[in-house]
Amino acid sequence: MSRLPTCSFNFLKISTLLLLLFLVLLPSSVSGECTCDAKENNRGTGETIKYKVAGIASILISGAIGVCIPVLGKAIPALHPENDIFFIIKAFAAGVILATGFIHILPNAFEKLTSPCLKGKAWQNFPFTGFIAMMSGIGTLMVDTLVTGYYKRSNFSKAQPLNGDVERAGEPVDHVHVHTHATHGHAHGSNSTSSDLLRHRIISQVLELGIVVHSVIIGISLGTSESSSTIKPLIAALSFHQFFEGIGLGGCITQARIKSSAVAIMAVFFSLTTPVGIAVGIGITNV
């Protein structure tokens with residue numbers, strides 16, 4: 001019996017519940033000194049552009065390799081989706097994705113959105129970061145539920161026979177009844193497999209959507225940075241992050257068993273989103 005996939009529906013629900021619990025326990029305000037004075041920027045435009053171009057190449061290659069390992073690894077026994085080694089790799093990749101939200105994004109967002117430098121009292125009186133994160137988690141579950149219901153209704157309507165099909169086929173009712181019971185066990189197994197496959201496809205699409213949006217944002221963040229001391233460690237961190245995030249997404253795509261053309265499109269979108277975001281960020285700094 002195969003292990004439960006790291007990107008299963010239960011994992012998604014548990015992660016969302018942990019996120020909501022974390023937001024409840026996290027203080028809604030962050031104290032800090034108002035340091036709104038203009039800071040010295042370590043600009044060096046030519047040098048930063050050089051690092052950003054290197055970052056585009058590094059992140060593109062890392063993301064492409066990460067997402068292609070599970071897809072192309074089906075021919076390698078050690079990288080098969082049901083193998084224990086690949087299960088451990090996917091678990092680590094899922095940890096990287098969770099750590100990005102809990103350790104990197106949320107604390108930084110709380111600090112920035114409660115900064116005394118922001119004009120207006122609303123930023124200090126209302127926890128916008130927690131509210132946005134909570135609504136994002138709820139929205140993700142809503143999308144997952146709606147898409148699941150749509151696919152189930154679509155598959156159910158296709159599986160329903162038309163009225164009178166049995167009579168047109170010329171089979172007696174008793175014969176059809178016996179045949180149905182004889183294949184009852186096989187039908188249950190087929191329905192279970194179809195349901196698991198449906199879940200994998202929905203999860204891969206929802207995960208792809210979330211990762212694409214996130215990748216564009218972090219790419220723009222890197223592209224608009226004008227400090228060499230910030231860009232250099234960020235390139236290494238994002239390359240590492242994109243590699244394991246690609247492995248997690250590639251594992252979900254592999255288990256979804258979708259068409260090769262759809263696999264290629266999803267892999268290309270994931271690989272290009274962060275580099276495109278960096279290019280957009282570079283354009284923003286020039287404007």
Side-chain angles (χ1 to χ4, degrees), residues 1-16 62-98 140-161 183-215 242-273:
M1 184 176 180
S2 61
R3 293 174 179 266
L4 287 175
T6 306
C7 54
S8 65
F9 182 56
N10 291 333
F11 175 80
L12 181 62
K13 292 196 293 184
I14 293 173
S15 302
T16 305
S62 299
I65 293 176
V67 75
C68 288
I69 285 177
V71 175
L72 301 178
K74 291 185 292 185
I76 304 174
L79 296 178
H80 200 267
E82 282 74 28
N83 191 280
D84 290 340
I85 297 177
F86 190 71
F87 176 82
I88 295 173
I89 295 175
K90 286 195 301 178
F92 184 81
V96 171
I97 296 174
L98 287 176
T140 301
L141 290 179
M142 289 179 61
V143 170
D144 182 89
T145 303
L146 291 174
V147 173
T148 302
Y150 170 78
Y151 274 108
K152 285 185 176 180
R153 289 192 298 270
S154 177
N155 291 340
F156 180 78
S157 61
K158 292 178 181 179
Q160 286 294 315
T183 59
H184 187 66
H186 175 71
H188 270 292
S190 177
N191 290 337
S192 177
T193 304
S194 177
S195 178
D196 291 340
L197 190 61
L198 177 64
R199 285 252 26 103
H200 290 314
R201 291 180 176 177
I202 294 172
I203 290 170
S204 63
Q205 294 172 6
V206 174
L207 184 61
E208 170 88 4
L209 177 62
I211 288 177
V212 164
V213 174
H214 166 68
S215 297
Q242 289 293 105
F243 175 76
F244 284 100
E245 196 172 63
I247 290 179
L249 177 62
C252 292
I253 294 175
T254 302
Q255 292 176 320
R257 299 178 186 176
I258 56 180
K259 296 180 180 179
S260 299
S261 58
V263 172
I265 292 173
M266 295 178 73
V268 169
F269 262 95
F270 168 77
S271 303
L272 291 179
T273 45

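Pairing each heavy atom of L207 with each of C252, the nearest pair is CD2-SG, 3.9 Å.
Not counting sequence neighbours, the partners of S215 by the side-chain contact (heavy atoms from CB on, under 4.5 Å) test are I211, Q242, E245, T273, T274. Every side-chain contact (heavy atoms from CB on, under 4.5 Å) that A256 has, sequence neighbours left out, goes to H200, R201, S204, I258. For the side-chain contact (heavy atoms from CB on, under 4.5 Å) test, residues two or more places apart in sequence or in another chain that qualify with I65 are I61, I69, F243. Applying the ring pair (Phe, Tyr, Trp, His ring centres under 6.0 Å) test to F244 and every residue at least two apart in sequence or in another chain returns F92, F240.
Here the CG atom belonging to L146 is positioned 10.5 Å from the CD1 atom belonging to I202, to the nearest 0.5 angstrom.
Side-chain contact between S271 and V67: present, with at least one pair of heavy atoms (C-beta onward) separated by less than 4.5 Å.
The only option from V212, V71, I253 that meets the side chain to side chain contact (heavy atoms under 4.5 Å, CB included) definition with M266 turns out to be I253.
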